[in-house]
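Nothing here was measured: the structure is a model prediction, and the numbers come from that model. We count ligands from 1, going down the list as the structure has it; atoms in each ligand are counted the same way.
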Amino acid sequence: MYNETLLMMPGPVPMPESIRNAMTRQAINHRSQEFGDCYADIVRILKPIFGTKNDMLVLSGSGTAGLEAAIGSFAKGKKIVSLANGKFGERFSQIAAIYGESLMIESEWGHPLKLEELKENLENGAEVVTLVHNETSAAILNPAREIGKLARKYDAIFILDAITSIGGDLVETDKWEADVAIVGSQKCLAAPAGLAAVSVSQRAWDRLSEARPFYLDLKKAKKLADNKPMETPTTPAVPLFLALREACKLIEVEGIENRIARHHKMSAAVRAAGVAWGLVPVPQTDELHKASNTVTGFFYPTGIEDSQIRGFCKKMNIEFAGGQDRFRGKIFRIGNMGIIDAPEILVTVAAVQMAFKKIGYKLEDDGLAAAIEILSS
Ligand SMILES: *Cc1c(COP(=O)(O)O)cnc(C)c1O
């Protein structure tokens, strides 16, 4: 990396050279065999990574565009229940409130979701359930399988934000009965920011909203995607499609099982470091809720300023995330999405440990040694 910043954020993430190079070419016609083949390659490779045989559409827009397309296309005017234990869960319910009758079931950030309350709302006629699988803001992994099962039992549409799990952790869209699942390009897929891929079940198509958004209409996206060669309703972000195809090919070469195992190991190393240091993890886990395998968060000890740790590392060209909204200044989050491997984890953990040492804060134990223990297993 040398003169580059090592980006250890929960998106965007560092990209291999071949992905960057895929974007730097002359423009091509988006109504052409060449573009259609690119779109088809992306869909072919992403479907098994989503764990789905459903339709898949790629939208020009960040992950949020995928969430809004899902709500706007399938939940307009309906009773929508959004489970939230972090910023992105809350944001999902804000989108829902614009299109339908929205109810948010809120937990403390990073605390388990309230499944009993969800059940009550489903009994009382909720028609759509939204869930953030990997809640990045609180580094918690939510129980998508169990919630999908509940939604299906009450015949509700289940919309899953898998934006920071697909490509880095196990997602089984069809088995978990997710009618719509969404991934963002700049997270675990390690592609540039600006695309969202969305899978849609037949159940969802059967409940298509009458009045849908113009730009984010999934029905229209499907109509054009069914053309041969594949197309999009309006001019897509062609360079990003080319880069995403390259990113998908690299995932195919690595193998998704290997990639998931790598993400699990890298996050386990960061968790081990934080625990050895004596820091408090952000997520409150139980038998259903786990610590995220793609981003790891810890609370700062009392009296420690964000700038003392994150600021120090940034000066060394290592950048990771702080807290958002109510967690601002209180936590730090180290991402291990995409191509992050042992060297990047080691240097980041070492830098954090050095930052604490620099300010004379006495950590409980050697976090770097704990990380090495995991990485060398
Ligand atoms: C990053 C993220 C989003 C939003 O994605 P954008 O690409 O910024 O629109 C949504 N949900 C989760 C869980 C995320 O981490």
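Considering both main-chain and side-chain atoms, G63 comes within under 3.5 Å of ligand 1 through a nitrogen or oxygen pair. Looking at S62 next to ligand 1, an N or O pair under 3.5 Å apart turns up. At least one N or O atom of K187, backbone or side chain, sits closer than 3.5 Å to an N or O atom of ligand 1.
Atom 11 (N) of ligand 1 has its closest protein heavy atom at D161 OD2, 2.7 Å. The nearest heavy-atom contact from the protein to atom 3 (C) of ligand 1 is F88 CE2, 3.4 Å. Scanning the protein heavy atoms around atom 4 (C) of ligand 1, the nearest turns out to be T64 OG1, 3.5 Å. At the top of the distance list for atom 15 (O) of ligand 1, counting protein heavy atoms only, stands T136 OG1, 2.5 Å.
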Task: Verdict with reasoning, E68 to Y99, per side chain to side chain donor-acceptor pair (under 3.5 Å) - done: CA-CA 9 Å; E68 185 154 3; Y99 290 92; 2.6 Å; yes
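For the pair K223 and D217, the salt-bridge criterion is not met [side-chain N within less than 4.0 Å of a carboxylate O]. Look at R25 and E246 and you find no salt bridge, because none of the NZ, NE, NH1 or NH2 atoms lies under 4.0 Å from a carboxylate O.
Within ligand 1, counting atoms from 1 as listed, the ones closer than 4.0 Å to a heavy atom of N134 are 13 (C). Interface of V132 with ligand 1, defined as ligand atoms under 4.0 Å from a residue heavy atom, comprises 13 (C).
Following chains of ILVMFWY side-chain contacts shorter than 4.5 Å, one cannot reach L224 starting from L59, and the two form parts of different hydrophobic clusters.
The cationic atom of K149 (NZ for Lys, CZ for Arg) does not lie both less than 6.0 Å from the six-membered ring centre of F158 and within 45° of the ring axis.
The shortest separation from a heavy atom of Q186 to ligand 1 is under 4.0 Å, placing the residue in contact.
Under 3.5 Å, the side chains of S292 and N134 contain a donor-acceptor pair of N or O atoms. Remark: the N29 side chain and the E34 side chain contain no N/O donor-acceptor pair separated by less than 3.5 Å.
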